[in-house]
Amino acid sequence: MGDRAGDTQGRNMELLKPAIAAELAALSTFAALGLVAEKIAENLAKPPKPEMGDLALGCFKLARDLNLKPPELASRLASAFAAATGALVLHVSAAGPYLNLRLNHQAAISHTLHAIETTTGGDNPEHWRFGNSEEGDGKTLVIDLSSPNIAKPLAVHHLRSTMIGYSIKRIREAQGWRVVGVNHLGDWGTGFGKLIAGLKKYFPDVEKRARAGDPQPLGDMSVATLNQTYARFNAESKENEDLAEAGRHEFSLLEQHIEALIGGTRAGAGQDGEANFRIWEHTRSISLAEFERMYAHLGLSFHLWPVVDLQHARVLTAEPDVFYRDHCLYVGESYYVAAEDLCRRIIADAVDSKVAEESEGAIVIYTHGKDKPPLMLVKNDGATSYHVRDLAAAIYRHRHWHAHELAYVVGGEQKWHFEQLFKSLELLGHDWAKGCLHVEFGLMMFQQADGKWAKTSTRRGTAIMLEDLLDEAVKSVREIMASKNPELSQTPEAERIAHAVGVGAVVFNDLKNGRRNNVKFDWDAVLDFEGESGPYMQYQFVRMGSVLEKYREKFGEPSFASGEAKLLALPEEWLLVQLLADFPAAVARASRELEPSIVARALIDLASATSTWWSATKDTRIVGEDAELSLARVRLVNAIRKVLGRGLSLLGISLVERM
RNA sequence: GCGCCCGUAGCUCAGUGGAUAGAGCAGCCGCCUUCUAAGCGGCUGGUCGCAGGUUCGAUUCCUGCCGGGCGCGCCA
């Protein structure tokens with residue numbers, strides 16, 4: 001089996017540990033020493049080499065509790081085992097401080113395959129429950145994901161927040177949580193003042209139409225033009241303080257207008273405010289249309305939470321849990337200003353309770369002492385800052401969805417902001433702030449002409465557009481399909497497959513490594529569909545499907561109940577079963593650590609072992625002449641297929657039956 | 001300067017205080033009449049950044065240093 005046999009990762013068989021530990025705990029020697037199942041299970045681990053055993057009981061901690069030397073305990077347990085004949089534990093032997101266990105493979109295989117077969121009925125991966133748990137039953141997580149800015153195109157770095165967040169949503173749901181995904185749209189802030197000022201300056205017609213009451217004053221302007229307009233004005237305003245001031249003024253008018261509209265605490269801004277409001281609203285709808293297209297590529301569905309249409313602001317569905325499972329929501333930052341007036345109420349509250357204070361014309365909270373920069377609620381021009389909008393959003397989420405945890409999938413460069421945010425919530429008396437988590441992730445870097453890596457930036461034009469990346473990946477897949485599977489590429493489903501595999505490749509590439517790592521963007525690496533890649537995972541899934549189809553052609557519908565586990569005697573088959581038995585633990589850990597890469601890594605190990613097995617059975621085939629052997633192997637094939645499929649769908653990657 | 005993240009094979013990265021640290025890519029050598037070769041096998045490749053400390057045991061925990069990244073009041 002080569003080096004992989006020595007790999008201890010992912011072969012802990014967590015699924016079987018409770019049963020194994022219970023079996024040992026029932027033995028008189030173990031019981032006499034007070035070794036209960038739970039303590040045994042905690043100390044079971046994988047030996048470095050399979051020859052040593054299938055599992056090992058490390059005796060270090062157990063011996064210390066009993067005032068014995070670890071090797072002494074191990075040998076005492078070993079010598080007492082001789083008479084016992086367990087169902088799962090076949091044999092034990094002491095090896096220094098370890099008690100090595102050899103398992104009854106047949107029993108372990110049956111146990112594992114049965115567990116998978118009883119939880120993965122039907123054809124819909126959403127219904128494959130192997131790896132699910134009830135850990136989060138009755139708890140709600142509100143997760144902030146994607147959160148792009150209006151008037152900017154989606155770039156590759158947005159993929160990180162979007163897919164890490166979406167995958168965490170799915171993983172948490174698999175662990176029983178109710179998860180509300182919220183896309184906290186950046187649709188508010190001084191930037192919009194600059195954009196409006198820029199539009200008025202460079203496109204005088206826009207202002208005319210807005211003043212005349214046209215609800216679409218921007219005509220058919222594209223997001224790219226909006227972004228360029230902002231960038232141009234922003235650059236010019238750095239040289240010219242008057243322009244900067246004009247930008248702040250336009251935003252202030254907009255905010256005044258909306259606050260007056262909702263009967264808030266401030267006076268209106270007349271026709272100017274109204275015109276700005278129309279421009280802002282149209283900008284937002286143009287951007288949303290583009291976001292929709294991108295999210296559709298990724299297979300995500302968002303619904304816009306009513307923001308400015310106060311008449312119809314209400315809960316969107318009568319069946320919220322189903323709704324939240326199938327969709328995420330857009331809730332723009334403007335919601336907390338426009339529809340709830342939460343921002344001003346929080347500000348007033350913070351000032352009244354002396355948590356906030358005035359400083360240099362602004363209202364701030366010193367969250368970490370006077371020598372650290374404070375969190376800013378209101379800027380010296382009277383406009384709200386994004387900090388106060390985040391406070392409002394947190395309070396709203398906790399109150400509205402009764403959230404037990406609030407997670408923010410936002411880049412690590414905003415770590416300080418979230419530390420301040422959570423501390424401010426605490427200072428304002430919200431003890432639930434303990435359940436707030438910043439799910440930070442690394443930056444997307446690109447290589448500069450001098451060879452050094454730097455942060456990508458939409459403004460500086462160094463960002464790669466998400467659409468270009470997805471297009472490029474799908475195009476590559478199309479080409480590979482045309483050469484490797486020409487018949488399939490002529491069929492009507494070819495385009496759908498190319499899309500699923502191409503997008504899946506990009507997503508898997510993003511999720512396979514720990515989220516905190518910076519990502520050095522490299523076209524060649526993203527478009528490399530060999531090795532630890534999305535297409536490789538899809539490919540093994542497709543192969544398993546083909547084998548099942550082959551079996552049906554040859555022997556008819558398989559009856560797994562009569563598949564004999566003892567016929568699965570190859571070392572490759574044992575390895576696969578161990579990996580399968582470890583999948584639920586991987587999902588549970590991914591949920592706990594909010595880390596999709598743990599699931600992705602489990603899939604890499606499983607897919608790799610599958611491919612090795614495929615080759616190892618080349619001579620007899622998985623489905624061969626021997627009906628009984630074929631049936632036993634097809635049971636394993638079915639289990640692998642279900643687990644690979646479930647894992648990919650937890651990562652937000654769609655499945656294909658052929659490629 | 002202060003704070004946070006990272007440092008493991010040529011490159012990109014896994015690694016839950018435990019036995020001899022792993023994969024993918026790149027390089028070299030092999031393997032397609034069969035259920036898809038987007039694959040499989042083999043070889044080459046390591047002072048786990050450095051130095052202390054805690055521990056029966058440290059790549060893993062703590063401290064200091066070095067190197068890279070990010071952040072540090074009116075962008076979000």
Side-chain angles (χ1 to χ4, degrees), chain A residues 2-4 6-10 12 45 47-49 52 56 58 60 64 69-70 95-98 147 149 184 186 188-191 194 234 248 333 359-362 364 368 371-376 378-381 383 385-387 389-390 410-417 419 440 442-443 445 452-455 459 477 480-481 484-485 488 501 505 512-514 516-520 522 524-525 528-533 535-536 538-540 542-551 553-554 585 589 597 601 604-605 608 611-612 614-619 621-624 637 658-659:
Chain A
D3 284 337
R4 182 158 284 279
D7 177 15
T8 60
Q9 298 315 315
N12 280 304
K49 292 283 176 191
M52 298 172 175
F60 304 96
R64 193 175 50 206
K69 293 221 180 299
Y98 292 97
S147 306
N149 287 330
H184 188 66
W188 210 247
T190 323
K194 286 185 183 173
N234 190 45
R248 285 192 289 270
E333 289 186 73
S359 166
E360 297 172 34
V364 302
H368 292 73
D371 55 337
K372 295 267 170 61
L375 176 136
M376 181 168 300
V378 183
K379 301 190 280 189
N380 61 16
D381 62 359
S385 76
Y386 79 107
H387 299 96
R389 295 192 292 275
D390 269 354
V410 179
E413 68 269 35
Q414 290 199 49
K415 181 120 187 172
W416 175 242
H417 162 63
E419 274 177 31
E440 68 195 285
L443 292 164
M445 317 279 278
K452 288 194 174 177
W453 293 87
K455 185 179 170 177
R459 261 206 333 266
V477 172
I480 294 169
M481 260 172 77
K484 291 188 188 284
N485 199 341
L488 181 62
V501 174
K512 74 178 175 188
N513 291 326
R516 284 184 180 82
N517 296 337
N518 287 346
V519 176
K520 295 175 181 169
D522 175 1
D524 292 340
D528 180 3
F529 300 154
E530 291 173 9
E532 298 173 340
S533 68
Y536 181 93
Q538 299 268 25
Y539 187 56
Q540 305 313 326
V542 166
R543 276 176 158 180
M544 295 302 101
S546 300
V547 176
L548 276 170
E549 216 170 286
K550 173 88 177 187
Y551 183 92
E553 278 170 24
K554 205 163 173 174
R589 197 155 66 86
S597 68
R601 289 281 152 195
I604 289 172
D605 289 343
S608 171
S611 197
T612 301
W614 174 279
S615 301
T617 54
K618 273 283 180 195
D619 46 350
R621 322 294 285 172
I622 292 171
V623 174
V637 165
R658 297 194 285 165
M659 64 188 275

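Reminder, nothing fancy here: chain letters follow the sequence lines and each chain counts from 1. Quantities reported herein were computed from a predicted structural model and do not represent experimental measurements.
- Base pairing analysis places rU36(B) opposite nothing; no Watson-Crick or G-U wobble pair with both distances below 3.5 Å involves it.
- With a cut-off of 3.5 Å on both Watson-Crick or G-U wobble distances, the partner of rC72(B) is given as rG1(B).
- Going from the P atom of rG22(B) to that of rA9(B) covers 14 Å, rounded to whole Å.
- Pair assignment for rU47(B) gives none, since no Watson-Crick or G-U wobble pairing has each distance under 3.5 Å.
- At the heavy-atom level, E419(A) lies nowhere under 4.0 Å from the strands shown.
- The side chain of A95(A) sits closest to rA19(B) out of rC56(B), rG39(B), rA19(B).
- S611(A) comes within 4.0 angstrom of sugar-phosphate atoms only, judged by non-hydrogen atoms across all strands, and of no base.
- Side chains of K379(A) and T190(A): a donor on one and an acceptor on the other come within 3.5 Å.
- Closest to the K550(A) side chain, of the nucleotides rA19(B), rC35(B), rU20(B), is rC35(B).
- With distances taken from any side-chain atom of T612(A) to the nucleotides rG73(B), rC40(B), rA37(B), the minimum falls on rC40(B).
- Taking atom C1' in both rA23(B) and rG45(B), the straight-line distance is 13 Å, to the nearest Å.
- In this structure, G58(A) reaches neither bases nor backbone, as no heavy-atom distance under 4.0 Å exists between it and the strands shown.
- For N12(A), the listed nucleotide lying nearest its side chain is rU16(B); candidates were rU16(B), rA14(B), rU36(B).
- The two residues Y536(A) and S608(A) make their nearest non-hydrogen contact at OH-CA, 3.2 Å.
- Base contact: P374(A) has a heavy atom under 4.0 Å from a base atom.
- Rounded to whole Å, the C1' atom of rG49(B) lies 7 Å from the corresponding atom of rG67(B).
- Counting non-hydrogen atoms under 4.0 angstrom, E333(A) reaches the backbone sugars and phosphates but no base.
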What's touching nucleotides 8-12 of chain B from the protein side, N or O pairs under 3.5 Å?
from    : atom 1 : to      : atom 2 : distance (Å)
rU12(B) : OP1    : K520(A) : NZ     : 2.8

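- Base contact: V542(A) has a heavy atom under 4.0 Å from a base atom.
- Rounding to the nearest 0.5 Å places OG of S359(A) at 7.5 Å from CE of M376(A).
- When heavy atoms are screened at a 4.0 angstrom cut-off, L443(A) is found touching the sugar-phosphate backbone but no base atom.
- Taking atom P in both rA26(B) and rG41(B), the straight-line distance is 15 Å, to the nearest Å.
- Nucleotides rC56(B) and rC65(B) have their P atoms positioned 28 Å apart, rounded to a whole Å.
- Heavy-atom nearest nucleotides on RNA chain B were determined for M52(A) and for V547(A), and the one closer to the 5' end corresponds to M52(A).
- Counting any heavy atom pair closer than 4.0 Å across all strands shown, D522(A) reaches no nucleic acid atom.
- Using atom C1' as the reference point in both rU16(B) and rU12(B), the two lie 23 Å apart (nearest Å).
- Proximity note for I480(A) (side chain, C-beta onward) versus rA38(B), rA37(B), rU16(B): the nearest is rA38(B).
- Atom pair Q540(A):CD and rC40(B):C1' shows a separation of 10 Å (rounding to whole Å applied).
- Nucleotide rA19(B) is matched to nothing when pairs are restricted to Watson-Crick or G-U wobble geometry with both distances under 3.5 angstrom.
- At a threshold of 4.5 Å between non-hydrogen side-chain atoms, the residues M544(A) and W614(A) count as touching.
- With hydrogens and angles ignored, a donor-acceptor pair under 3.5 angstrom links the side chain of S359(A) to the base of rG73(B).
- Among the atoms of the strands shown, only primed sugar atoms or phosphate atoms (P, OP1, OP2) are found under 4.0 Å from some heavy atom of K618(A).
- Inter-residue side-chain proximity for V501(A) and P535(A) is flagged as met; some heavy-atom pair is nearer than 4.5 Å.
- Here the nucleotide nearest the side chain of N149(A), chosen from rC35(B), rC5(B), rA76(B), is rA76(B).
- Nucleic acid contact class of K455(A) (heavy atoms, under 4.0 Å, all strands): sugar-phosphate only.
- Atom-to-atom, CZ of R589(A) to C1' of rA14(B) comes out at 10 Å; the value is rounded to the nearest Å.
- In this structure, rG67(B) and rC6(B) make a Watson-Crick or G-U wobble pair, each of the two defining distances being under 3.5 angstrom.
- At the phosphate of rG69(B), neither OP1 nor OP2 sits under 4.0 Å from any side-chain N or O atom of R516(A).
- Between I604(A) atom CD1 and K512(A) atom NZ the span is 6.0 Å, to the nearest 0.5 Å.
- Across all strands shown, Y386(A) has heavy atoms under 4.0 Å from base atoms, whether or not it also approaches the sugar-phosphate.
- Within the structure, a side-chain polar atom (N or O) of S546(A) is placed less than 4.0 Å from OP1 or OP2 of rU36(B).
- Contacts of T617(A) with the nucleic acid, taken as non-hydrogen atoms under 4.0 Å apart, include base atoms.
- K484(A) has its side chain out of reach of M659(A): every pair of non-hydrogen atoms, C-beta onward, lies at least 4.5 Å apart.
- Here R248(A) lies out of heavy-atom contact (under 4.0 Å) with every strand.
- Rounded to whole Å, the C1' atom of rC25(B) lies 30 Å from the corresponding atom of rA19(B).
- Heavy atoms of G514(A) sit under 4.0 angstrom from primed sugar atoms or phosphate atoms, though from no base atom.
- If you check rC28(B) for Watson-Crick or wobble pairing at under 3.5 angstrom, you find it paired to rG42(B).
- Nucleotides rU59(B) and rG7(B) are separated by 15 Å at their P atoms, to the nearest Å.
- Each of T190(A) and A45(A) was assigned the nucleotide of RNA chain B with the nearest heavy atom; the assignment lying further toward the 5' end belongs to A45(A).
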